[in-house]
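The next block holds one structure in the form of structure tokens; read it before the comments.
Numbered from 1 within each chain, the chains take letters A, B, ... in sequence-line order.
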2 protein chains.
Amino acid sequence: MTARAGGRLTIADVARAAGVSTSAVSYALNGKPGVSEATRARVIEVAGELGWRPHSAARSLSAARTGTVGLVLARPASTLGDESFYMQLITGIEAELAEQGTGLLLQLVADEDACVEVYRRWAAQGRVDGVLVTDVVREDPRPAFLRGAALPAVVMGGEVAAGLPRVVGDDQWAVQQVVEHLAQLGHQRIARVSGHPGFLHVHQRDEAFVAAARSAGLRPQVVPTDFTAQASRRATAGLLAHRARPTAVVYDNDVMAVAALAAVHAQGVRVPEDLSLVAWDDSTLCSLVHPRLTAVARDIRALGALAARRLLALLSGAQVEVDEPGPPSHLVVRESTAAPGPGPGLGPARG
Amino acid sequence: MTARAGGRLTIADVARAAGVSTSAVSYALNGKPGVSEATRARVIEVAGELGWRPHSAARSLSAARTGTVGLVLARPASTLGDESFYMQLITGIEAELAEQGTGLLLQLVADEDACVEVYRRWAAQGRVDGVLVTDVVREDPRPAFLRGAALPAVVMGGEVAAGLPRVVGDDQWAVQQVVEHLAQLGHQRIARVSGHPGFLHVHQRDEAFVAAARSAGLRPQVVPTDFTAQASRRATAGLLAHRARPTAVVYDNDVMAVAALAAVHAQGVRVPEDLSLVAWDDSTLCSLVHPRLTAVARDIRALGALAARRLLALLSGAQVEVDEPGPPSHLVVRESTAAPGPGPGLGPARG
DNA sequence: CTGAAAGCGCTTACAG
DNA sequence: CTGAAAGCGCTTACAG
């Protein structure tokens with residue numbers, strides 16, 4: 001009942017041990033008709049005893065499916081490390097894939113064009129059965145390529161029509177919740193320190209923010225950044241230097257919000273008495289600091305899992321809706337937001 | 001010059017287009033002897049024009065190598081997301097692998113036993129050429145399995161003999177730097193809020209900490225945790241409640257250090273006037289807070305890259321040393337460490 | 001230096 | 001329900 005010395009255990013070994021043909025083993029293990037239930041059970045038992053598993057490459061070659069899904073991330077290494085978003089997303093994706101015995105091939109690249117090159121190579125090599133796409137940018141070359149290359153794909157969190165199946169966010173709704181929260185507290189001038197405007201979700205949050213603020217009678221400002229702590233400090237300092245400074249600022253990630261908190265704190269600006277702060281994408285980090293940050297929370301893991309499940313469905317030939325809503329956002333109100341101070345005076349000199 | 005309709009482009013198409021045999025194409029593309037340089041050049045050109053790439057599964061099956069390396073992480077999803085360590089490590093690994101055209105298969109599991117199950121499956125399926133191992137625990141089942149399964153592996157950051165090639169850290173040296181720094185500032189009682197004691201590197205840092213403190217004439221304390229912010233707050237509160245409270249605390253990750261900073265700050269304890277804080281594994285987070293945290297910095301990306309390079313060398317049959325030093329640690333002194341306050345009095349009531 | 005052929009380990013029509 | 005055989009797309013001895 002052991003493999004021949006030096007060799008790999010193959011389907012032939014299992015067939016021999018079970019006293020059936022190799023095709024019977026294949027049918028039995030893959031849950032296909034063509035074998036009696038008695039034979040199927042015996043084959044499964046024998047395979048288990050021997051510890052045989054179908055050779056991945058052989059199966060891929062004959063079945064024309066790899067059992068692997070690809071994820072290419074086009075963000076700087078520092079961003080990937082600092083924002084828990086990506087690891088949470090990967091965790092969610094992986095959990096779903098693992099459940100179905102599918103592997104995750106991960107590659108990190110510099111930009112969307114490099115991303116397309118990876119897709120092109122993977123498609124030519126038959127390396128993956130499909131890919132998961134995130135961080136769609138304006139004029140993103142990926143959707144068009146993926147449609148043309150016949151490489152199945154699901155876009156995560158994209159807000160615009162990409163012509164690909166998508167798990168869509170509810171950013172617009174979430175932006176409204178944030179603005180309403182600030183309006184109810186009595187804020188009149190609110191600002192948004194946003195991420196890189198090339199990202200579609202950033203652009204759409206920007207527009208939603210301005211629209212929601214105006215319709216609530218507030219005066220909005222938007223400052224674009226590159227998602228880094230340094231850019232956040234600079235943007236925040238710029239906002240606070242104005243005569244008509246905002247009394248509340250919404251940041252596009254947790255790192256920028258926390259960096260701003262520390263920076264304004266060091267200048268004697270009190271949060272939330274002098275300035276209210278909101279972070280987008282709640283994280284452990286937001287609860288780590290003092291005061292804890294009010295934040296827009298999403299179940300990123302669920303987003304990843306949902307996208308993975310959809311891709312697997314797509315690969316198994318199921319009909320899938322083009323758009324499916326992702327996990328809902330909700331505002332987690334903590335201590336960093338409160339009613340604005342009495343007047344334009346700001347800082348420790350006040351009171 | 002195009003593939004036949006509906007079909008995949010194969011080596012036969014390239015051979016036909018170049019007017020040679022398929023074996024000549026294979027030799028030419030793989031840089032093997034057996035073709036003239038003129039033929040090789042023409043084949044490469046034709047393959048490029050057609051956009052042909054060897055089919056991954058076919059190559060794996062015949063060449064008995066997958067061009068893929070595996071990484072299994074056995075940590076809770078929250079830890080993976082919160083600590084930038086993992087994404088930095090993956091970034092470093094991936095950069096090195098990508099350069100050599102090797103893929104990274106990533107899987108997340110609950111514990112070391114589940115990790116072994118994945119290795120077992122991968123080995124049986126011929127899914128990867130080798131694996132990278134991190135977070136070695138006491139009585140870790142993985143090294144023994146990997147040696148037995150003939151699955152090539154390199155251990156990252158392990159400090160003990162695992163019988164596998166390792167990229168080793170310099171934790172002992174780093175601990176000494178931290179302790180010396182605190183001793184020079186005049187601290188007498190120092191504590192270490194360490195991670196889960198099951199991890200070998202944690203255990204070894206614990207021992208090194210106690211030894212270094214004693215030999216410097218200091219009084220050390222060690223409190224084990226599970227690496228979470230909550231455990232850090234509890235451990236820190238416990239330390240500060242003692243009569244002979246420490247005047248400096250070293251935390252085993254950035255999240256715990258930042259959580260403790262916020263917690264003691266909320267209680268009126270000033271950092272560094274009343275309490276000095278040190279974080280292990282510097283990160284963006286450590287520079288985000290106020291005061292910025294003194295921290296032990298390592299080039300995690302370089303660690304990942306080095307381990308990946310070693311594994312690739314191992315796979316290509318090169319002789320590799322069993323132990324190779326990883327990137328050196330160094331102490332980054334910032335504002336969270338200073339000389340201890342004048343007496344046992346602590347908190348806002350003082351002075 | 002080149003070509004025809006076997007073989008990697010599966011899956012899947014196809015005939016019994 | 002079962003078995004013999006072709007085929008997936010490469011690599012690699014082996015004979016010319």
Between P on dC8(C) and CG on D13(A), what's the gap in Å once rounded to a whole number?
12 Å

By the 4.0 Å heavy-atom rule, please label S60(B) as base, sugar-phosphate, or nothing.
nothing

Among dG9(C), dT2(D), dT11(D), find the nucleotide with the atom closest to the side chain of L61(A).
dG9(C)

Could you name each residue pair satisfying side-chain hydrogen bond (donor to acceptor under 3.5 Å, both in side chains) that touches residues 61-75 of chain B, not counting sequence neighbours?
R127(A)-T68(B), T66(B)-D129(B), R75(B)-Y86(B), R75(B)-D135(B)

Does anything in residues 100-111 of chain B pair up under side-chain hydrogen bond (donor to acceptor under 3.5 Å, both in side chains), and if so which pairs, sequence neighbours excluded?
Q107(B)-R121(B)

What's the spacing between R59(A) CZ and L61(A) CG if we round to 0.5 Å?
13.0 Å

5′-ward residue of the pair R59(B)/V20(A) relative to DNA chain D
V20(A)

So which one's nearest nucleotide on DNA chain C is more toward 5', A124(B) or G34(B)?
G34(B)

Contacts of L306(A) meeting side chain to side chain contact (heavy atoms under 4.5 Å, CB included) (sequence neighbours excluded), chain-then-number -> V167(A), R309(A), E324(A), P327(A)

In whole Å, I'd like the distance from the CZ atom of R16(A) to the C1' atom of dG3(D).
15 Å

Whole-Å distance separating the CG atom of L9(B) from the C1' atom of dC10(D)
13 Å

What is the minimum heavy-atom distance between L311(A) and G130(A), and which atoms define it?
CD2-C, 4.0 Å

Dot-bracket line, read 5' to 3' along DNA chain D, where crossing pairs take [ ] and | marks a partner on another strand, Watson-Crick or G-U under 3.5 Å
|||.||||||||.|||

Do M87(B) and I90(A) make a side-chain contact, defined as non-hydrogen atoms from C-beta onward lying under 4.5 Å apart?
yes

Can a side chain N or O of S21(A) be found less than 4.0 Å away from OP1 or OP2 on dG3(D)?
yes

Student check: side-chain heavy atoms of L314(B) and P165(B) closer than 4.5 Å:
yes

Is there any protein nitrogen or oxygen under 3.5 Å from a nitrogen or oxygen in nucleotides 12-15 of chain D, and what are the pairs?
{"unit_1": "dT12(D)", "atom_1": "OP2", "unit_2": "K32(B)", "atom_2": "NZ", "d": "2.5"}
{"unit_1": "dA13(D)", "atom_1": "N7", "unit_2": "Y27(B)", "atom_2": "OH", "d": "3.2"}
{"unit_1": "dA13(D)", "atom_1": "N6", "unit_2": "Y27(B)", "atom_2": "OH", "d": "2.9"}

Rounded interatomic separation in angstrom, taking CZ from R127(B) and C1' from dG9(C)
15 Å

Atom-pair distance (NE2 on H55(B); P on dT11(D)), nearest Å:
12 Å

May I have the distance from I11(A) (atom CD1) to dC8(D) (atom P), rounded to whole angstrom?
18 Å

Quick one: side chain to side chain contact (heavy atoms under 4.5 Å, CB included) partners of A38(A), sequence neighbours excluded?
S36(A)

Take the protein atom CG of L29(B) and the nucleotide atom P of dG9(D), then report the distance between them rounded to whole Å.
17 Å

Quickly work out the Q125(B) CD to dC10(C) P distance and round it to whole Å.
10 Å

Going by heavy atoms in the side chains, are M156(B) and I93(B) under 4.5 Å from each other?
yes

